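Here's the structure, in structure tokens; my notes come after.
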Amino acid sequence: MAKITRKPAPRKAAVPKKTAKAAIAKPKPAENKPAKKSLKAPQPNSIKPWTPAEVREVFSRFRKANPEPKGELEHVNPFTLLVAVVLSAQATDAGVNKATRELFKIADTPQKMLDLGEERLRDYIKTIGLYRTKARNVIALSAKLLAEFGGEVPRTRAEIESLPGAGRKTANVVLNMAFGEHTMAVDTHVFRVGNRTGLAPGKTPLEVELGLEKVIPAEFMLHAHHWLILHGRYTCLARKPRCEVCLINDLCRWPEKTV
């Protein structure tokens with residue numbers, strides 16, 4: 001029987017492996033496309049700053065409308081003013097006044113407040129927010145006034161700020177209202193007015209405070225913070241500002257004013 005001889009199948013030619021460099025896709029040459037426009041929002045400092053003449057005009061109008069503005073916190077002496085301001089944190093002046101009218105009849109000095117005691121003090125101020133913490137602070141600051149300041153409210157910002165419950169705004173209010181210092185207390189109303197009008201924009205109360213002190217003429221500084229507080233409280237409201245009756249609507253820089 002004839003022997004069958006099979007020829008081996010031809011081997012396929014080996015395909016050379018791609019080198020690492022060849023495997024990496026080369027970037028396409030950049031096309032000459034126009035650059036995209038920047039989408040950044042306009043910066044706040046694009047608002048036209050107030051001129052000294054405009055600032056003087058604003059506060060001249062405030063003075064003419066209300067020559068002797070008064071703070072709305074009721075008090076009988078520097079100590080009761082200090083206590084009222086400490087109690088007013090995150091509370092309304094009207095709410096504080098309602099609680100302190102009876103309190104100050106029996107505790108209008110640091111010693112009388114200590115004699116009253118924290119528990120009884122809480123009963124007087126329990127309608128005010130955070131009254132437990134505030135009662136503790138009022139008793140502590142009364143004790144510190146007696147121990148370190150002879151029972152008198154000190155007359156420097158640093159010393160007032162060292163008292164329990166008292167911060168920079170508290171110190172500025174007391175220095176201004178009790179001692180006639182040219183300080184600028186920045187609460188939520190002053191902060192809003194300073195930023196909204198462009199008079200003294202700032203990201204923090206301190207920035208607004210320093211900005212206002214820089215631009216307001218000295219002759220207006222005694223009453224300036226009262227005018228701004230009252231303006232923010234009754235005219236330049238947070239949600240629906242009353243631009244139609246605003247004394248300074250022609251000078252205000254707010255782009256959304258309604259007049």
Side-chain angles (χ1 to χ4, degrees), residues 68-191 205-206 209 221-230 232-234:
E68 295 290 334
K70 303 295 181 184
E72 296 186 334
L73 283 174
E74 297 174 6
H75 60 283
V76 296
N77 56 33
F79 172 70
T80 55
L81 173 62
L82 170 63
V83 171
V85 179
V86 168
L87 295 178
S88 70
Q90 300 182 46
T92 64
D93 287 359
V96 172
N97 291 338
K98 185 177 180 181
T100 57
R101 284 185 191 123
E102 296 302 315
L103 171 64
F104 292 157
K105 289 179 181 179
I106 63 168
D108 60 354
T109 68
Q111 187 60 61
K112 290 179 182 178
M113 194 66 74
L114 281 182
D115 292 342
L116 181 66
E118 184 177 336
E119 186 175 347
R120 290 178 62 198
L121 173 58
R122 287 201 301 263
D123 291 336
Y124 280 96
I125 65 171
K126 61 185 177 183
T127 57
I128 301 174
L130 306 174
Y131 74 97
R132 293 181 183 277
T133 299
K134 291 176 180 179
R136 185 163 58 249
N137 285 335
V138 168
I139 294 299
L141 73 81
S142 298
K144 186 166 184 175
L145 288 176
L146 288 166
E148 299 182 20
F149 301 105
E152 300 292 330
V153 176
R155 299 189 61 158
T156 70
R157 181 185 285 118
E159 289 173 325
I160 295 175
E161 285 189 61
S162 74
L163 300 171
R168 188 179 181 91
K169 188 195 80 171
T170 298
N172 283 338
V173 172
V174 173
L175 290 172
N176 178 267
M177 293 180 64
F179 305 124
E181 300 286 342
H182 287 186
T183 55
M184 176 56 62
V186 178
D187 67 352
T188 181
H189 301 299
V190 176
F191 186 78
L206 181 58
E209 175 188 333
M221 276 301 296
L222 180 61
H223 297 310
H225 100 268
H226 282 127
W227 284 321
L228 293 172
I229 287 172
L230 295 173
R233 184 173 289 163
Y234 298 111

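Being a predicted model, the structure only gives us computed values, none of them experimental. What's counted below: heavy atoms across the whole structure, side chains too, no hydrogens, waters or symmetry copies. Residue numbers run from 1 in the order of the sequence given.
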>> Could you go through Leu82 and Val86, starting from their C-alpha distance and side-chain angles, then the distance that decides it, and tell me whether this counts as side chain to side chain contact (heavy atoms under 4.5 Å, CB included)?
In response: CA-CA 6 Å; Leu82 170 63; Val86 168; 4.3 Å; yes
> Is there a side-chain contact between Val190 and Met184, using heavy atoms and a 4.5 Å cut-off?
Replying inline: yes
> How many angstroms lie between CG in Asp187 and CG in Leu228, if you round to the nearest 0.5 Å?
Replying inline: 9.5 Å
> Looking at side-chain heavy atoms only, is the closest gap between Arg157 and Thr183 below 4.5 Å?
Replying inline: yes
>> So which atom in Pro69 and which in Leu230 form the shortest heavy-atom distance, rounded to 0.1 Å?
In response: CB-CD1, 4.2 Å
> When rounded to the nearest 0.5 angstrom, what distance separates CG in Leu103 from CG in Leu116?
Replying inline: 6.5 Å
>> Please report the interatomic distance NZ(Lys144) to CG(Asn137), rounded to the nearest 0.5 Å.
In response: 11.5 Å
> After noting the C-alpha distance and the side-chain angles of Arg122 and Arg136, does the key distance pass the side chain to side chain contact (heavy atoms under 4.5 Å, CB included) rule?
Replying inline: CA-CA 9 Å; Arg122 287 201 301 263; Arg136 185 163 58 249; over 6 Å; no
>> Angle between ring planes, His223 versus Trp227, binned at 30° and 60°: parallel, tilted or perpendicular?
In response: perpendicular
> Just how far is it from atom CD1 of Ile139 to atom CZ of Arg120, taken to the nearest 0.5 Å?
Replying inline: 10.5 Å
> Going through the checks in order, is the side chain to side chain contact (heavy atoms under 4.5 Å, CB included) test met by Phe179 and Val174?
Replying inline: CA-CA 7 Å; Phe179 305 124; Val174 173; 4.2 Å; yes
> Can you name the closest pair of heavy atoms from Ala99 and Thr127 and give their distance?
Replying inline: CB-OG1, 4.1 Å
> Hey, does Ser142 have a side-chain heavy atom less than 4.5 Å from the side chain of Val138?
Replying inline: yes
>> Quick check: do His226 and Asn176 have side-chain heavy atoms less than 4.5 Å from each other?
In response: yes
> Which heavy-atom pair separates Asp108 from Asn77 by the least distance, and what is that distance?
Replying inline: O-ND2, 3.0 Å
> Under a 4.5 Å cut-off applied to non-hydrogen side-chain atoms, are Pro110 and Phe149 in contact?
Replying inline: no
> What distance do Lys112 atom NZ and Phe104 atom CZ have between them, rounded to the nearest 0.5 Å?
Replying inline: 12.5 Å
> If you measure from CD1 on Ile160 to CG on Leu141, what distance do you get to the nearest 0.5 Å?
Replying inline: 11.0 Å
> Can any side-chain N or O of Thr133 pair as donor or acceptor with the backbone N or O of Leu130 at less than 3.5 Å?
Replying inline: no
>> Using a 6.0 Å cut-off, check whether atom CD of Glu148 has over 12 heavy atoms from anything other than its own residue.
In response: yes
> Taking the side chain as C-beta and beyond, is there a heavy-atom pair between Lys70 and Met177 under 4.5 Å?
Replying inline: no
>> Between His182 and Leu222, is there a side-chain heavy-atom distance shorter than 4.5 Å?
In response: yes
> Given Ile128 and Lys134, is the side chain to side chain contact (heavy atoms under 4.5 Å, CB included) satisfied, shown in steps?
Replying inline: CA-CA 9 Å; Ile128 301 174; Lys134 291 176 180 179; 3.6 Å; yes
> Are Arg132 and Glu118 within salt-bridge range, i.e. N to O under 4.0 Å?
Replying inline: no
>> Quiz question: by atom type and distance under 3.5 Å, do the side chains of Glu159 and Ser162 form a donor-acceptor pair?
In response: no
>> I need the minimum non-hydrogen distance between Ala171 and Glu161, along with the two atoms involved.
In response: CB-CG, 4.0 Å
>> Any carboxylate oxygen within less than 4.0 angstrom of a Lys/Arg side-chain nitrogen, looking at Glu102 and Lys105?
In response: yes
>> Do Phe79 and Leu145 have side chains that approach each other closer than 4.5 Å (heavy atoms only, starting at C-beta)?
In response: yes
>> Could you check whether Arg168 pairs with Glu209 (Lys NZ or Arg NE/NH1/NH2 to Asp/Glu carboxylate O, under 4.0 Å)?
In response: yes
> Closest heavy-atom contact between Pro154 and Leu163?
Replying inline: CD-CD1, 4.4 Å
